Amino acid sequence: MRMPRGGRLFLATCLGSLFVLVLYFQSITKPEPGVKSGSRPAKSRRSPLQSLYNGDQLELLAAQRSLQGRRELLEQECLSHTRKRRVLSPDDLKHLIVDDKHSLIYCYVPKVACTNWKRVLMVLTSDGRYTDPLAIPANEAHVAGNLRTLSEFSVTEINQRLRSYLKFIFVREPFERLVSAYRNKFTRSYNTAFHKRYGTKIIRRHRPEPDREALEKGNDVSFHEFVQYLVDPRTQRDEPLNEHWERVHSLCHPCLIHYDVVGKYETLEPDAQAVLRLAGVDGTLRFPTSGKSTRTDGNMAARFFKHISPSYQKKLFNLYRMDFLLFNYSTPEYLRTR
């Protein structure tokens, strides 16, 4: 019995749709093509992006759902608060560390556990030379050349990695990060390089009648003087802000680079463990826990801001406003802007 012409057309349409669906599901489960590397594992595995956003919802950890929510919020804020888009230059990519072996890109932000993240990445990329992150001295973790940055690759290689690697960033409440940077760089006697490079300039510009020793050593900069320096229009006209107090959005360009994971210092351990799980190394490597007893928190930041005038607090908030907005940090309760 011959099938009517309408039935044959319907059957052909169904078969064609089924074929397209098969091709589609093959394409989304096929790993992204990457740059060839002798250090890559031979066996195929799920990419970190598939694990995070295309995985079984029953297996998706609460921490990972939180990370996905932050990413979506970041995208919304970028659409709301940025108008002009520009092309990234190699200088924009110097903070993005690449791990080809595990298909990872990490944008490091000073004063947001970046020393420990660099240690972890040195373990992951060392082919067995390092096994314990905490056995790596902090100064060694910051040596240029120990880790590759995205700026070192060709344009084609950069684009391949940005398309297919898991890109992650860790952020922190902006003023707590700022106070932490001030405490570390200007109140520690061993940071003579910062005292000479920045302290002497800050004292010369913002201290009435400084004595000769202060001008020579720059080792007693007050927090008030530091704030004056930051909001002084001459500061950014002279040169870019130092990475320790530069805004996160200027270091990592989150509205130009599509970060898959936005971790937070406030939830560092679970967020870090979630990233390691996505990289497939959580069974062999743990993120180092901090042993600091005087970590800079909101209460400590409030004490530093207590003697800053409302006008300077307002100027400083405007300087870091985008970091507050993009990463969903509330205006601090202690802030006085009027």
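Numbering starts at 1 and runs along the sequence shown. What you see is a predicted model; the values in this text were computed from it and never measured. Every heavy atom of this structure was used, including side-chain atoms; hydrogens, water molecules and symmetry mates were not.
- What you find for S151 and P90 is that their closest heavy atoms are CB-O, 3.2 Å.
- Looking only at distances, no side-chain donor or acceptor of K101 sits under 3.5 Å from a matching main-chain atom of D127.
- The shortest side-chain heavy-atom distance between P332 and F305 does not fall under the 4.5 Å cut-off.
- Residue I169 holds its CD1 atom at 5.0 Å from OH of Y259, rounded to the nearest 0.5 Å.
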Quick one, E266 with R172, criterion side-chain contact (heavy atoms from CB on, under 4.5 Å). Give me CA distance, side-chain angles, the key distance, then yes/no.
CA-CA 7 Å; E266 294 78 12; R172 184 177 185 178; 4.0 Å; yes
Dump the intermediate steps for side-chain hydrogen bond (donor to acceptor under 3.5 Å, both in side chains) on S309 and S311, then the final yes or no.
CA-CA 5 Å; S309 70; S311 62; 3.2 Å; yes
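- The side chain to side chain donor-acceptor pair (under 3.5 Å) check on Y312 picks up nothing, with sequence neighbours excluded.
- One finds no salt bridge joining D232 and K201 here, because no Lys/Arg side-chain nitrogen approaches an Asp/Glu carboxylate oxygen to under 4.0 Å.
- More than 12 non-hydrogen atoms from other residues, nucleotides or ligands lie less than 6.0 angstrom from CZ of R86.
- With rounding to the nearest 0.5 angstrom, the CG atom of L104 is 11.0 Å from the CD1 atom of I97.
- The only member of F226, Y182, W245 that meets ring pair (Phe, Tyr, Trp, His ring centres under 6.0 Å) when paired with Y198 is W245.
- Although no hydrogens or angles enter the test, the distance criterion places no donor-acceptor pair under 3.5 Å between the side chain of E225 and the main chain of I202.
- Minimum interatomic distance between Y320 and P174 (heavy atoms only, all atoms of both residues): CB-CB, 4.3 Å.
- Applying the salt bridge (charged side-chain N to carboxylate O under 4.0 Å, His left out) test to every pair with at least one member in residues 305-333, sequence neighbours left out, gives no pairs at all.
- The two residues V221 and G199 come nearest to each other via the heavy atoms CG2-CA, 3.6 Å.
- For F304 and F175, the ring centers sit 6.0 Å or farther from each other.
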Between R70 and D271, is a side-chain contact (heavy atoms from CB on, under 4.5 Å) present by the stated rule, with each step listed?
CA-CA 12 Å; R70 288 178 197 161; D271 290 356; 2.7 Å; yes
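- Residues L256 and T82 form no side-chain contact, since every pair of their non-hydrogen atoms from C-beta on lies 4.5 Å or further apart.
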Assess the residue pair R295 and Y265 against the criterion (side-chain contact (heavy atoms from CB on, under 4.5 Å)); give the C-alpha distance rounded to whole Å, side-chain angles, the decisive distance to 0.1 Å, and a yes or no.
CA-CA 11 Å; R295 177 182 291 185; Y265 189 76; 3.2 Å; yes
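- Closest approach of T192 to S189, counting heavy atoms only: CG2-O, 3.6 Å.
- Counting only distance, with no hydrogens or angles, the side chain of D99 and the backbone of H102 share a donor-acceptor pair below 3.5 Å.
- Grouping the Ile, Leu, Val, Met, Phe, Trp and Tyr side chains by contacts below 4.5 angstrom, directly or via other members, places V143 apart from M122.
- Atoms OH and NE2, from Y190 and H195 in turn, are 9.0 Å apart once rounded to the nearest 0.5 Å.
- Distance alone, capped at 3.5 Å, places no donor-acceptor pair between the E246 side chain and the L251 backbone.
- Under the 3.5 Å distance criterion, the side-chain polar atoms of R247 are matched with a main-chain donor or acceptor of L319.
- At a threshold of 4.5 Å between non-hydrogen side-chain atoms, the residues I257 and L96 count as touching.
- The list of side chain to side chain donor-acceptor pair (under 3.5 Å) pairs with a residue in residues 112-121, not counting sequence neighbours, reads T115-H142, N116-R119, K118-H142.
- Atom CG of L278 and atom CG of L67 lie 7.5 Å apart (nearest 0.5 Å).
- Of the N and O atoms on the side chains of Y329 and E176, not one donor lies less than 3.5 Å from an acceptor on the other residue.
- Using a 4.5 Å heavy-atom cutoff, the side chains of I203 and T200 are not in contact.
- Within the structure, salt bridge (charged side-chain N to carboxylate O under 4.0 Å, His left out) pairs that include any residue of residues 130-149 comprise R148-E152 (at least two apart or interchain).
- In this structure the side chain of F324 never reaches within 4.5 angstrom of the side chain of T331, judged on heavy atoms.
- Here the side chain of Q313 pairs a donor or acceptor atom with the backbone of I308 at under 3.5 angstrom.
- With sequence neighbours left out, the ring pair (Phe, Tyr, Trp, His ring centres under 6.0 Å) criterion links Y108 to H95.
- Here F170 and Y106 keep their ring centres 6.0 angstrom or further from each other.
- Among residues at least two apart or in separate chains, salt bridge (charged side-chain N to carboxylate O under 4.0 Å, His left out) pairs with a member in residues 180-199 are R197-E239.
- In this structure, F223 has its ring center at least 6.0 angstrom away from the ring center of F186.
- Contact annotation: the side chain of S222 never approaches that of H307 to less than 4.5 Å [non-hydrogen atoms, C-beta and beyond].
- For the pair T296 and N184, the minimum side-chain heavy-atom distance is 4.5 Å or more.
- Atom CZ of F153 and atom CD1 of I158 lie 8.5 Å apart (nearest 0.5 Å).
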Run R161 and D100 through side-chain contact (heavy atoms from CB on, under 4.5 Å) and show every step you take.
CA-CA 9 Å; R161 285 162 173 77; D100 280 327; 2.9 Å; yes
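- Under the 4.5 Å side-chain heavy-atom criterion for ILVMFWY residues, no single connected hydrophobic cluster contains both V123 and L134.
- With rounding to the nearest 0.5 Å, the separation of NE2 in H253 from SG in C107 is 7.5 Å.
- Within the 4.5 Å cutoff, the side chain of H249 has heavy atoms near those of the P254 side chain.
- In terms of modelled atom types and a separation under 3.5 Å, the side chain of K111 and the main chain of V109 share no donor-acceptor contact.
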